[in-house]
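The basis for the numbers below is simple: all heavy atoms, side chains too, and nothing from hydrogens, waters or symmetry mates.
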Amino acid sequence: MEELYDKGFRSVYSLTAHIVFVTKYRKKVINEPMLSRLADIFKDTCTKWECTLVEFNGEVDHVHLLIRYHPQIELSKFIANLKTVSSRLIRQEFESILSQVYTKPVLWTDSYFVASCGGVTVEQLKQYVQQQQSPHQ
């Protein structure tokens, strides 16, 4: 299967990140309507950052996002914005549910998980680099 690459002004790239957000104190507060709304919020936020939400799903205490992004994105700022926007909107729209669990205006933990991902493994890349033809003198 051929890998799809994005093109910039002076670059060709394929950048994908797997991101996980966990609810504060790992509380089981995410329900079906909230998960659906989070999908919309993350998709809209990604669009504003010129990124693509490739896949999204979650459980009662965490969510997974698979995002394609461009090299100009400062990933930590982008992730901070995803968390801030989603937390603010979900707390507004589902205040009756969240106020029963949290006394402060929170949704996510302060931390997050992120891993780069792509079509090949590190081992495959190492092997490819090692097999390159060195210039002969």
Side-chain angles (χ1 to χ4, degrees):
M1 187 165 87
E2 187 176 311
E3 176 73 25
L4 298 175
Y5 293 100
D6 295 312
K7 294 182 173 113
F9 177 62
R10 293 186 179 188
S11 60
V12 178
Y13 56 91
S14 175
L15 298 173
T16 308
H18 174 208
I19 302 167
V20 179
F21 298 148
V22 177
T23 58
K24 189 80 168 180
Y25 310 120
R26 201 94 193 202
K27 296 288 186 179
K28 298 176 183 333
V29 296
I30 300 173
N31 59 24
E32 191 77 29
M34 199 179 296
L35 191 65
S36 177
R37 181 63 179 122
L38 281 166
D40 293 337
I41 293 168
F42 289 134
K43 185 176 180 185
D44 291 345
T45 305
C46 285
T47 300
K48 289 175 185 169
W49 281 74
E50 298 176 4
C51 298
T52 305
L53 182 62
V54 176
E55 196 66 48
F56 171 79
N57 209 344
E59 295 183 14
V60 293
D61 61 355
H62 69 279
V63 295
H64 293 262
L65 300 89
L66 190 59
I67 294 175
R68 284 182 65 99
Y69 63 99
H70 54 84
Q72 290 76 28
I73 290 286
E74 204 170 324
L75 203 51
S76 60
K77 287 184 179 179
F78 173 57
I79 290 171
N81 189 249
L82 285 169
K83 287 176 72 175
T84 301
V85 170
S86 62
S87 178
R88 180 176 38 84
L89 293 176
I90 290 297
R91 284 185 287 109
Q92 286 173 357
E93 297 172 27
F94 295 89
E95 196 237 337
S96 61
I97 296 168
L98 295 175
S99 64
Q100 295 174 18
V101 178
Y102 299 118
T103 57
K104 295 182 180 180
V106 296
L107 178 59
W108 307 118
T109 61
D110 292 337
S111 58
Y112 59 87
F113 168 85
V114 64
S116 60
C117 47
V120 296
T121 66
V122 172
E123 284 304 314
Q124 289 170 317
L125 284 173
K126 283 173 61 176
Q127 188 176 35
Y128 174 77
V129 171
Q130 291 168 355
Q131 291 174 351
Q132 297 301 295
Q133 295 292 326
S134 298
H136 297 288
Q137 291 186 358

Rounded to the nearest 0.5 Å, what separation is found between the CZ atom of Phe42 and the CG atom of Leu66? 13.5 Å
Taking ring pair (Phe, Tyr, Trp, His ring centres under 6.0 Å) as the definition, give me every residue that meets it alongside Phe113, ordered by chain and number, with sequence neighbours left out. His18
More than 12 heavy atoms of other groups within 6.0 Å of Gln72 CD: yes
Quick one: which of Val54, Leu15, Leu53 gives a side-chain contact (heavy atoms from CB on, under 4.5 Å) with Arg68? Val54
Within the 4.5 Å heavy-atom criterion, are Val20 and His64 side-chain neighbours or not? yes
Please examine the side chains of Ser86 and Trp108, heavy atoms only from C-beta on, and report whether any two atoms are closer than 4.5 Å. yes
Rounded to the nearest 0.5 angstrom, the CD-CD distance for Gln132 and Gln127 is 11.5 Å
Side chain Lys83, main chain Leu107, donor-acceptor under 3.5 Å: no
Partners of Ser96 by side-chain hydrogen bond (donor to acceptor under 3.5 Å, both in side chains), sequence neighbours excluded? none
Mind checking whether Ser76 and Tyr112 have side chains closer than 4.5 Å, heavy atoms only? yes
Got Val29 and Tyr102 here, is their nearest side-chain heavy-atom distance under 4.5 Å? yes
Heavy-atom closest pair (Val63 atom, Ile30 atom, distance to 0.1 Å) is CG1-CD1, 3.9 Å
Can you tell me how far apart OG1 (Thr84) and CD1 (Ile79) are? Round to the nearest 0.5 Å. 11.5 Å
Check whether any side-chain heavy atom of Phe21 lies under 4.5 Å from a side-chain heavy atom of Leu65, and answer yes or no. yes
Counting C-beta onward and ignoring hydrogens, is there a side-chain heavy-atom pair between Tyr69 and Cys46 closer than 4.5 Å? no
Rounded to the nearest 0.5 angstrom, the CD1-CG distance for Ile90 and Leu98 is 8.0 Å
Looking at every non-hydrogen atom in both residues, tell me the closest pair between His70 and Tyr13 and how far apart they are. CB-OH, 3.2 Å
How close do Phe56 and Leu35 get, counting heavy atoms only, and between which atoms? CE2-O, 3.4 Å
For residues 37-56, the side chain to side chain donor-acceptor pair (under 3.5 Å) pairs (sequence neighbours left out) are Arg37-Glu93, Trp49-Asn81
What verdict does the side-chain contact (heavy atoms from CB on, under 4.5 Å) test give for Arg26 and His62, after you've listed the backbone C-alpha separation in whole Å, the side-chain angles of each residue and the deciding distance to 0.1 Å? CA-CA 8 Å; Arg26 201 94 193 202; His62 69 279; 3.6 Å; yes
Flag if over 12 foreign heavy atoms under 6.0 Å of NZ, Lys24: yes
Val101 with Val60, same ILVMFWY side-chain cluster at under 4.5 Å: no
